[in-house]
Amino acid sequence: MTRSNTRACFAALCLASLTLAFSQTANAAYQGPDRSKLRIGAYFLRVKPVVTDAHVRDLKECGIDFVFDRFNSKFSRAEYDLYAKYGIGAVVTWVIPGKPGVPGTMRDTVPLSIYDKVSKEFRAAGRMHKVIEAMAIGDEPSAQDFPYMGEAIKAAERAFPECMIYLNLFPSYAFRATNTVSETIAQLGVATYQEYIDKYCQYIPLDYISYDFYLYSRENEDFIAKYYDNLRIVADACRRTNRSLWFVPQVNSCVPDLWIHENMLRFQAYSSMAFGAESIAWSCYAPGWWSKNVLTAEGEKTQQYEKLKVVNAELQRIGPDYMRFRNRATHFVGFADGCIDLAGMPVRPMASLDAGSFIALRADDGGKLLIGEMAARKEGGGDALLVCAADDPYDKSPKKRTVRFRIKDGCEVRAIGGQGPVPLASAEDGTRSFEMSSSAGVLLVADRRP
């Protein structure tokens, strides 16, 4: 064989090897999250000296489906084996490059070739694992980087075809609840939050919008209007572009002496679901930022564990019926014109709601109800309302009230709450009613009679 033939054979062998390697990567079985479920996640399971079987079992019993955390050289593969044992997924952070240190510099500092390089190194080190559902490409980026970040996400998807690529956005108040207007603009990279979300939809090729908002990081109650408006802007964008809404609320606290109440957890979950949230990821389960987490640094449970376990169990009960439907609008019933909860928001509160199969829905006491109007994902599947009792988001004076409505002819209606089926009373005039407590959620499902 001549030298030229030898070189040709060697080149062909190399090409075949590269083609095989690429083919094996490209054809890797997808192991991303089950998007048909209401998914409940948490940030971080980092405890000293090591994560044990009991820690992961407790995580599962707390109702957590997935965990955000690092998988670097200091992270034990044995931990992911425990995740696999208990059926918990992982979103890996700080592995693939994402948000640059200086906003607007991602194109100059993160070449697209880096994603293939990182993927090869990650696999060669034996760090790929069957529990990895997603690889995080960044957290709270500036809109200045969205055009290039869209290209980077596509490159990351090619490098990690098994996984979803995860990106989380700023809340409307940007990095800190105490930001000035100029600081917020500097961090968002645009003048308004609406523009921030619009540019995400224009440039980012992901079929969801994920963002965090820490409602209880401020003690002044006018923050609730910012919370609702943030949900409104993201939910409108999700409906307009056929994306899913993913939400990151808080279970820990930065306010001195405030341990987030069970009803505060409940309110964050059900209010976000009234806007269509399909993923709720609590921060933080173990220490990551702030304090009063679910676990201490040594892995001991705090008072937050039982609170979160109770609320997550409620979400798991309502989740299967809730995910049969997709949010198409959110209504504010029983909110007074000009109330502080809706300050500056372009919404019209109403005294009662007519929507889909439901007529004249309201609370007997005229209290605030946040209502998600929902349509079945499958044709002929009826419609639904997710009702959140929104009268007491700060859990200062919780109470019970009766919610009353009528149902259109030809429909059967049932109610599902955090404890399972909710009894519906029927009056002689055809009115149906049920009881619910402050911050709770009830799903009303209307099915057409055969």
Side-chain angles (χ1 to χ4, degrees), residues 28-34 37 39-98 118-139 156 159-168 210 212 246 248 250-252 279-302 304-306 308-309 312-313 316:
Y30 183 66
Q31 58 194 41
D34 181 354
K37 292 179 57 181
R39 293 182 44 79
I40 304 169
Y43 274 81
F44 310 138
L45 181 57
R46 302 172 183 172
V47 298
K48 301 173 183 177
V50 67
V51 171
T52 66
D53 185 284
H55 289 130
V56 183
R57 183 184 67 243
D58 288 344
L59 188 76
K60 182 67 175 180
E61 292 177 356
C62 193
I64 301 299
D65 298 316
F66 64 96
V67 175
F68 293 85
D69 220 325
R70 297 179 175 91
F71 191 20
N72 53 28
S73 57
K74 296 180 180 179
F75 195 99
S76 169
R77 186 179 178 88
E79 290 186 37
Y80 278 0
D81 291 339
L82 290 175
Y83 284 15
K85 176 180 177 181
Y86 289 101
I88 295 171
V91 179
V92 175
T93 62
W94 299 108
V95 168
I96 60 175
V118 168
S119 175
K120 290 176 180 177
E121 292 173 351
F122 192 78
R123 297 171 195 282
R127 293 165 65 192
M128 199 64 201
H129 198 288
K130 63 183 179 181
V131 301
I132 298 176
E133 298 181 341
M135 306 290 288
I137 197 168
D139 184 58
F160 290 94
E162 305 97 325
C163 305
M164 173 176 285
I165 302 303
Y166 177 76
L167 177 63
N168 187 63
S210 176
D212 52 70
W246 294 5
V248 180
Q250 67 182 111
V251 63
N252 63 2
S279 173
I280 296 170
W282 301 100
S283 63
C284 293
Y285 187 85
W289 59 88
W290 297 349
S291 61
K292 303 175 182 67
N293 301 287
V294 179
L295 299 186
T296 67
E298 293 72 35
E300 299 297 323
K301 297 174 186 174
T302 71
Q304 298 306 88
Y305 181 85
E306 288 300 326
L308 188 61
K309 182 178 179 180
N312 283 346
Q316 288 175 329

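- The salt bridge (charged side-chain N to carboxylate O under 4.0 Å, His left out) test applied to Glu61 returns no partner, not counting sequence neighbours.
- Looking at every heavy atom in both residues, Ala159 comes nearest to Ser119 through O-OG, 2.8 Å.
- To the nearest 0.5 Å, atoms CD (Gln304) and CG (Asn252) are separated by 8.5 Å.
- Of the residues Val294, Val248, Asn312, the one that meets the side-chain contact (heavy atoms from CB on, under 4.5 Å) test with Trp282 is Asn312.
- Taking CG of Leu59 as the start and OH of Tyr83 as the end, the distance is 6.5 Å to the nearest 0.5 Å.
- Taking all atoms of both residues into account, the shortest heavy-atom contact from Ile137 to Pro97 is CG1-O, 3.3 Å.
- In this view, Thr296 and Glu298, Glu300, Thr302 satisfy the side chain to side chain contact (heavy atoms under 4.5 Å, CB included) rule, not counting sequence neighbours.
- The shortest non-hydrogen separation linking Ile88 to Ile64 is CG1-O, 3.8 Å.
- Remark: Pro287 pairs with Asn293, Ala297 by the side chain to side chain contact (heavy atoms under 4.5 Å, CB included) rule, at least two apart or across chains.
- Partners of Glu133 by side chain to side chain contact (heavy atoms under 4.5 Å, CB included), not counting sequence neighbours, listed by chain and number: Pro33, Arg39, Phe66.
- Not counting sequence neighbours, the partners of His129 by the ring pair (Phe, Tyr, Trp, His ring centres under 6.0 Å) test are Tyr80.
- Applying the ring pair (Phe, Tyr, Trp, His ring centres under 6.0 Å) rule to Tyr43 yields the partners Phe68, Trp289; only residues at least two apart in sequence or on another chain are considered.
- For Asp139, the side chain to side chain contact (heavy atoms under 4.5 Å, CB included) test picks out Asn168, Asp212, with sequence neighbours left out.
- One finds the CZ atom of Phe160 at 5.5 Å from the CZ atom of Arg123 (value rounded to the nearest 0.5 Å).
- Taking every heavy atom of both residues into account, Ala42 and Tyr285 meet most closely at CB-CB, 3.8 Å.
- Residues forming a ring pair (Phe, Tyr, Trp, His ring centres under 6.0 Å) with Trp246 (at least two apart in sequence, or on another chain): Tyr208.
- The stretch residues 49-60 participates, sequence neighbours left out, in these salt bridge (charged side-chain N to carboxylate O under 4.0 Å, His left out) pairs: Asp53-Arg57, Asp53-Lys85, Asp58-Lys301.
- The two residues Leu167 and Ser210 make their nearest non-hydrogen contact at O-CB, 3.6 Å.
- A distance of 9.0 Å separates CE of Met135 from CD of Glu162, quoted to the nearest 0.5 Å.
- Scanning both residues, Val47 and Gly299, for their nearest heavy atoms gives CG1-CA, 3.5 Å.
- In this structure, the side chain of Arg70 does not engage the main chain of Val95 through any donor-acceptor pair within 3.5 Å.
- Here Thr52 pairs with His55 under the side-chain hydrogen bond (donor to acceptor under 3.5 Å, both in side chains) rule; sequence neighbours left out.
- Separation of atoms CE (Met128) and SG (Cys163) is listed at 3.5 Å; rounding is to 0.5 Å.
- Every residue was checked against the side-chain hydrogen bond (donor to acceptor under 3.5 Å, both in side chains) condition with Asp65, not counting sequence neighbours, and none meets it.
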